[in-house]
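Everything below concerns the one structure shown next.
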Amino acid sequence: MCVRINGLKWNVRFVDEDDKKLVFDDEESLGVTYFSELEIFLSNRMSDELCKQTIAHELTHAFLFSYGVHLPTDNEEAFCDFVGAYLSGIYKLTNKIIKDFKRCKEVKQQ
C-alpha cells in the first residue's frame with residue numbers, strides 16, 4: 001500500500017519474517033524504513049498490538065524524514081520507540097480531553 005507524508009509517496013509492505021529487507025545493520029527487525037527508497041517493510045508475523053506499535057515506530061521514522069527532521073541515530077530510535085509504545089495512549093487521552101472540553105463549552109454556552 002502507499003501512503004503520502006508531506007507530499008512524499010511511501011510504499012508500505014508486509015513481508016515474511018525472514019525477508020532480507022527486515023535486516024538492517026546486520027540485525028533482524030520487525031520493521032525497517034528505507035529513506036532512500038521511501039519504503040517501509042513490516043513483518044507479517046506479529047500480534048495485533050505489536051504490529052500497531054511497529055507501524056507507529058516506522059511511520060515516525062518516515063514522518064521525521066519527510067519533514068526534514070534529523071536526529072542523532074540513538075535519539076531517533078529512542079523517540080520512535082516511545083511513539084510506538086505510547087501513541088495509542090496519548091491519542092486516547094487527547095480524544096477524552098477534547099470531548100470533555102467540548103462538553104464544558106456547551107455547558108457555558110447554555
Side-chain angles (χ1 to χ4, degrees):
M1 92 177 292
C2 292
V3 297
R4 287 205 177 272
I5 304 171
N6 196 27
L8 297 175
K9 183 177 158 185
W10 287 83
N11 290 310
V12 180
R13 295 189 171 103
F14 284 92
V15 296
D16 290 334
E17 61 189 287
D18 60 349
D19 192 292
K20 65 181 180 180
K21 287 291 193 173
L22 292 177
V23 177
F24 188 76
D25 285 343
D26 293 327
E27 290 188 31
E28 293 181 14
S29 299
L30 296 173
V32 178
T33 299
Y34 290 94
F35 305 112
S36 62
E37 301 158 16
L38 299 178
E39 291 187 305
I40 298 171
F41 290 87
L42 300 158
S43 170
N44 60 10
R45 297 283 181 129
M46 292 185 274
S47 68
D48 290 348
E49 185 59 31
L50 186 56
C51 185
K52 189 176 187 179
Q53 290 179 5
T54 304
I55 291 169
H57 175 106
E58 297 306 326
L59 282 175
T60 301
H61 282 298
F63 267 81
L64 289 170
F65 177 82
S66 296
Y67 283 95
V69 177
H70 304 285
L71 301 174
T73 303
D74 290 345
N75 291 352
E76 183 174 327
E77 277 305 309
F79 180 70
C80 292
D81 283 345
F82 180 86
V83 171
Y86 300 109
L87 179 63
S88 179
I90 293 168
Y91 186 73
K92 286 176 187 173
L93 286 176
T94 298
N95 286 335
K96 181 179 178 183
I97 293 167
I98 287 172
K99 187 176 178 182
D100 192 50
F101 173 72
K102 287 179 179 180
R103 196 175 17 228
C104 288
K105 276 179 62 174
E106 289 173 2
V107 169
K108 285 184 179 184
Q109 290 177 353
Q110 293 179 0

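Numbering of residues begins at 1 and proceeds along the displayed sequence. No hydrogens, no waters, no symmetry mates; every other heavy atom, side chains included, goes into these values. Just so you know, these numbers come straight off a predicted model, no measurement behind them.
Within a 6.0 Å radius of CZ in F35, more than 12 heavy atoms belonging to other residues, nucleotides or ligands are found. Residue D18 places its CG atom among more than 12 non-hydrogen atoms of other residues, nucleotides or ligands, all under 6.0 Å distant.
Of all non-hydrogen atoms in L30 and L22, the two that sit nearest each other are O-CD2, 3.8 Å. Annotation for C2 and N11: closest pair SG-OD1, 2.8 Å, computed over non-hydrogen atoms. What you find for A56 and G84 is that their closest heavy atoms are CB-CA, 3.8 Å.
Checked against ring pair (Phe, Tyr, Trp, His ring centres under 6.0 Å), Y34 has the following partners two or more places apart in sequence or in another chain: F41. In this structure, S43 has no side-chain hydrogen bond (donor to acceptor under 3.5 Å, both in side chains) partners at least two apart in sequence or on a different chain. Every side chain to side chain contact (heavy atoms under 4.5 Å, CB included) that I98 has, sequence neighbours left out, goes to T94, K102. For R13, the side-chain hydrogen bond (donor to acceptor under 3.5 Å, both in side chains) test picks out E39, with sequence neighbours left out. Residues satisfying the side-chain hydrogen bond (donor to acceptor under 3.5 Å, both in side chains) test with D19, not counting sequence neighbours, are none. Under the side chain to side chain contact (heavy atoms under 4.5 Å, CB included) criterion, V83 pairs with T60, F79, L87, sequence neighbours left out. Remark: D16 engages N44 in a side-chain hydrogen bond (donor to acceptor under 3.5 Å, both in side chains) (not counting sequence neighbours).
A continuous path of Ile, Leu, Val, Met, Phe, Trp and Tyr side chains, each step under 4.5 Å between heavy atoms, connects L8 with I55, placing both in one hydrophobic cluster. Linking ILVMFWY residues whenever their side-chain heavy atoms come closer than 4.5 Å, directly or via other members, leaves V32 and I5 in distinct clusters. Placement of F24 and V15 within a single hydrophobic cluster is found when ILVMFWY residues are connected by side-chain heavy-atom separations under 4.5 Å, directly or transitively. Hydrophobic clustering (ILVMFWY, side-chain heavy atoms < 4.5 Å, transitive): Y86 and L93 are in distinct clusters. Hydrophobic clustering places M1 together with F14 (ILVMFWY residues linked when any side-chain heavy atoms are closer than 4.5 Å, directly or through intermediates).
Counting only residues at least two apart or in different chains, salt bridge (Lys or Arg N to Asp or Glu O under 4.0 Å) contacts with residues 20-34 comprise K21-E37. Applying the salt bridge (Lys or Arg N to Asp or Glu O under 4.0 Å) test to pairs two or more places apart or on separate chains, those with a residue in residues 91-101 are D100-R103.
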Show which side-chain atoms of residues 61-68 pair as donor or acceptor with protein atoms under 3.5 Å away, not counting sequence neighbours.
unit_1: H61; atom_1: ND1; unit_2: E76; atom_2: OE2; d: 2.6
unit_1: H61; atom_1: NE2; unit_2: H57; atom_2: NE2; d: 3.1
unit_1: H61; atom_1: NE2; unit_2: E77; atom_2: OE2; d: 2.9
unit_1: S66; atom_1: OG; unit_2: W10; atom_2: NE1; d: 2.9
unit_1: S66; atom_1: OG; unit_2: A62; atom_2: O; d: 2.8

Donor-acceptor contacts, no H, no angles, side chain residues 46-53, under 3.5 Å, sequence neighbours left out:
unit_1: S47; atom_1: OG; unit_2: L50; atom_2: N; d: 3.2
unit_1: E49; atom_1: OE2; unit_2: Q53; atom_2: NE2; d: 3.4

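Listed by chain and number, the hydrophobic cluster partners of F101 come to none, as no ILVMFWY side chain reaches under 4.5 Å of it.
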